[in-house]
Number of protein chains: 2
Amino acid sequence: MNFQMRKQLILQTLEQKDSAGVSELAELLHTSAITVRRDLALLAEKGLLVRTHGGAVRPGFAKDPVSFINKAAVNQEQKEYICHLAVKEIKEGDTIFLDCGSTTFLMCPLIRHLSIRVVTNSLPVVNALLGSAVTVNMVGGEIDHKRQAAHGLMAAEHVYRYKADLAFLGVDGISVANGLSANSETEAEMTLAMAANARRAILLCDSSKLEKDKYFQFAALSPFHAIITDKKITPALLAMYRQAGVNIVNGESSIVL
Amino acid sequence: MNFQMRKQLILQTLEQKDSAGVSELAELLHTSAITVRRDLALLAEKGLLVRTHGGAVRPGFAKDPVSFINKAAVNQEQKEYICHLAVKEIKEGDTIFLDCGSTTFLMCPLIRHLSIRVVTNSLPVVNALLGSAVTVNMVGGEIDHKRQAAHGLMAAEHVYRYKADLAFLGVDGISVANGLSANSETEAEMTLAMAANARRAILLCDSSKLEKDKYFQFAALSPFHAIITDKKITPALLAMYRQAGVNIVNGESSIVL
DNA sequence: TCGATTTTGATTATTTTTGAGCAAATAAAA
DNA sequence: TTTTATTTGCTCAAAAATAATCAAAATCGA
């Protein structure tokens, strides 16, 4: 097993899993940890991957892997289920908006093989889709470090230049009484811009966020085509939303989008 | 068993297995290790395979998936020297354009501590500056996977919305006779847009690229404020550029920007 | 067959790569 | 915050691979 072979295997592993640990790679390559570390250092120098403590990640997943990926891990199972439902709505050739939530990020592995166009303000989404069949369009503007995404006036203007078939939007809170709410005004602006320029705007929202109001309320439920949520939603809640005329889907109901 | 037959078998083996060891091949060819090594050296020279320690791999197997950062390794020492000179031009509070070359990428570690605003179309630059004192503004548009950067009409429009104090621009080729040249038209468009909207546009160009013309010529030298290059430039070339009225700097001359 | 040229193989010195132990640095936990 | 546990970079030594040199063997033309 020479360096070229190891390099190939390491990069291949990262392509599949986005990240890998040193000891894990050492076992895979039938070699010692120190050799793996040397290889990783070499590949990192070329920018083919980014070192982390204990391993390496694909370039782009680097920035703040802890906080971002951690956030993705909260309710991950529900979020993945929601993504699964959401992806069904996409047809080949579509143009879609993806905003910068952790849920939309989890959609990326599921759409890499599709010949679609994705317009997004999220850096992790861009990085996750690069090199795939998807044509990626990054929304420009000032980058918010914490959210790893572009926001602001320029970003909104960028979105208004495009029309999409679908918009998938994460929200911090939804309630029948008060509509959509967010933790920041800048995020709300992007959500509205994408919703306004898509034929269908779909909210992705795991059941823990339903009937929770966050500090900034910015839109009614009516302009949005549907809410996709998970199985943990109570029948009572489901009924309540339907009563209010909201098209809410959790994969078990017979209603289709 | 002569060379032609061995060559055939070696290449055939590589085709099947992607890689092969010297001793393994020696056994297969019923010959000694030293002969195999001589054969491999000969075939490597023709580009039919790539040598590794202990064997050889199929060409293309050794190639890096993304060629961008690879370029950073070429002439790295000269490029770092150029960056060092370039950074001296930046003042706190400045707004600067950075395009997507490997040289501008190497500037990032040197400017992370500065309270400046960077507008760039390069994803690696964005990633390298995130979480630093720098305010990052990403140019939006369709992302070119190979260059890891935004290009196109939307990207150019984005740049035209901003005014910068400085633009640092990598170029593929420069010559006194033909001015600037690039390997792609899209890159040239970004270079021009940034140059047009900066008070001072500075070309970063290691000496190996001087007096080299690439396939697409797109600008004269005159609109650019200066060229920063490295010490390896010959005195004759330096004189020739100065004769032509170009402000060219390599850190040793007394001329300041 | 002879002698010259090329190719191959063996030996040795040099280089490259690898692995282990240990102090310092970093992240996680309390 | 301090403490604890990993992880890392470093140096050194061992192992593997290589280049260099020279001798032996094969090839070839006359």
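Note on naming: letters A, B, ... go to the chains in the order of the sequence lines (proteins, then strands), and numbering restarts at 1 for each one. These numbers come from a predicted model, not from an experiment. For the numbers below, each heavy atom of this structure counts, side chains included, while hydrogens, waters and symmetry mates do not.
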Of the listed nucleotides ([options]), which one gets closest to any side-chain atom of [X]?
X: Ile34(B); options: dA10(C), dT8(D), dG19(C); result: dA10(C)
X: Arg6(B); options: dT8(D), dT8(C), dA19(D); result: dT8(C)
X: Thr35(A); options: dT26(C), dG19(C), dT18(D); result: dG19(C)

Donor-acceptor pair (no angle test) under 3.5 Å: Arg38(A) side chain, dG9(D) base:
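For Arg38(A), whose side chain was compared with the base of dG9(D), there is no donor-acceptor pair (under 3.5 Å).
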Using only heavy-atom distances, determine whether the side chains of Asn121(B) and His158(B) contain a donor-acceptor pair under 3.5 Å.
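Absent: no donor and acceptor within the cut-off.
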For Ser23(B), report the nucleic acid contact type (base, sugar-phosphate, nothing); a contact means any heavy atom under 4.0 Å.
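Here Ser23(B) touches no strand at all.
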Hey, does Gly55(A) reach any base, or is it just sugar-phosphate, or nothing, if we go heavy atoms under 4.0 Å?
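Sugar-phosphate contact only.
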More than 12 heavy atoms from other groups under 6.0 Å of CD on Glu92(B)
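Check passes, neighbour count above 12.
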Heavy-atom donor-acceptor pair, Glu24(A) side chain to Gly21(A) backbone, under 3.5 Å:
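Yes; at least one donor-acceptor contact below 3.5 Å.
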Test item: Arg38(A) side-chain N/O and Leu42(A) main-chain N/O as donor-acceptor pair under 3.5 Å
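A pair under 3.5 Å: no.
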Rounded to whole Å, how long is the line connecting atom [atom1] of [X] with atom [atom2] of [N]?
X: His30(B); N: dT8(C); atom1: NE2; atom2: P; result: 15 Å
X: Arg37(A); N: dT6(D); atom1: CZ; atom2: P; result: 14 Å
X: Leu29(A); N: dT17(C); atom1: CG; atom2: C1'; result: 15 Å

Hey, is the side chain of His53(B) poking within less than 4.0 Å of OP1 or OP2 on dT17(C), counting only N and O atoms?
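So the side-chain polar atoms of His53(B) do come within 4.0 Å of the phosphate oxygens OP1 or OP2 of dT17(C), strictly under.
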Under 4.0 Å from OP1 or OP2 of dG9(C): is there any side-chain N or O of Thr31(B) that close?
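Yes.
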